[in-house]
Protein chains: 2
Amino acid sequence: MENDNYNDLDEETLFVVSQTFKALGDPTRIRILHLLFQKEYSVNGIAEALHLRQSTVSHQLRFLKNLRLVKYRREGTTLYYAHDDEHVMNMLKQTIDHACH
Amino acid sequence: MENDNYNDLDEETLFVVSQTFKALGDPTRIRILHLLFQKEYSVNGIAEALHLRQSTVSHQLRFLKNLRLVKYRREGTTLYYAHDDEHVMNMLKQTIDHACH
DNA sequence: TGCATATATCAGTATATGTTCATATTATGA
DNA sequence: TCATAATATGAACATATACTGATATATGCA
C-alpha cells in the first residue's frame, strides 16, 4: 500500500513505526544495540558487558527479535546475537552522533 | 563512575537519544508530527484534524516542544505549531516509507 | 542416563505513560 | 474592565512497561 505524506497514516503503518521507535526509546535496549555495533555477543556476554541481569537481557532481546532488529546463531548452548536491521542501526548511530554535540 | 569502556554511552547521551526516540514511539505524537510535515497547525487545528481532545494535543505538544521537535509562533490567541528538527523529521519520513511496503 | 551450562519464561511489583475532565492562564476586542 | 476564544496546566485514572527472582527448557558431554 502506497502512502503519500498528505494523507492520514493507516493503522498498521502507525503501529509498525511506533513499535520501531519504541524499541529505540529505552536506554537498556539502546545500550544493547550499541554493543552489537561492534560484534555479536552471547546473552551472558551482553549481561556482563552492561552489568545487567541475564533475564533482563533475555527479555529485551526477545523484544528486539520480534521486531527483527536482532538475529542469533546457536553454538552449543550459547546463542550469539547480532543486529539485523541496517536502517534502524543507521538511525541509532546518527542520533547518537547528533546527541554527542 | 564505572565507565571502563570508552565505547560505552555516557548517561546524558543515553538520555537524550532515548527521549528522542521515545517521542517518536507513540502513535499520537507520530500523527501530530506527520500532520506538521505539510504546514503549521494551531492546537485546535490539530485536534480537529486528528479527532483528539484539545488537552491531549496540548500535552503532547509540550512533550515535543521540550525536546525542541516543534516550535510555535503566536497570532492573537492562536498558537501555530510547526516542526523544528529536520533530522528527526527525516527519520520519521524514512521509517514511514520503509513501513509502507 | 545424569549433570552442568546457557538461555527462556513466568509472575509479581514498581514505575512510567497517555488520556481525560476540570480549571487556570493568556491575549483580544467591545 | 469584562467577556470570549485559544491554549496550558493539574490531578486522577487506567494501562503499559521494565526489572527481578524463581523456575523451566534446551543443549552438550561424561
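Chain naming here is simple, since letters A, B, ... match the order of the sequence lines and numbering starts at 1 in each.
- In this structure, B:R31 has no side-chain hydrogen bond (donor to acceptor under 3.5 Å, both in side chains) partners at least two apart in sequence or on a different chain.
- The side-chain contact (heavy atoms from CB on, under 4.5 Å) check on B:N66 picks up B:R62, with sequence neighbours excluded.
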Interface polar pairs with nucleotides 24-30 of chain D, N/O, under 3.5 angstrom:
none

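- Of the residues in residues 59-73 of chain B, those placing a heavy atom less than 4.0 Å from an atom of DNA chain C are B:H59, B:Q60, in numerical order.
- The side-chain contact (heavy atoms from CB on, under 4.5 Å) check on A:D84 picks up A:K71, with sequence neighbours excluded.
- Pairs of residues two or more places apart, or lying in two chains, that qualify as ring pair (Phe, Tyr, Trp, His ring centres under 6.0 Å) and include a residue from residues 58-81 of chain B are B:Y72-B:Y81.
- By the side-chain contact (heavy atoms from CB on, under 4.5 Å) test, A:E48 is found to be paired with A:N44, residues two or more places apart in sequence or in another chain being considered.
- Applying the salt bridge (charged side-chain N to carboxylate O under 4.0 Å, His left out) test to B:R73 and every residue at least two apart in sequence or in another chain returns B:E40, B:E75.
- Residues passing the side-chain contact (heavy atoms from CB on, under 4.5 Å) test with B:A99 are A:T13, A:V16, A:V17, sequence neighbours excluded.
- Not counting sequence neighbours, B:F15 has no partner by the ring pair (Phe, Tyr, Trp, His ring centres under 6.0 Å) test.
- A heavy atom lying under 4.0 Å from DNA chain C marks the following residues of residues 39-56 of chain B, by number: B:R53, B:S55, B:T56.
- When the P atom of C:dT17 is taken as reference, atom CG of B:L24 falls 15 Å away, rounded to whole Å.
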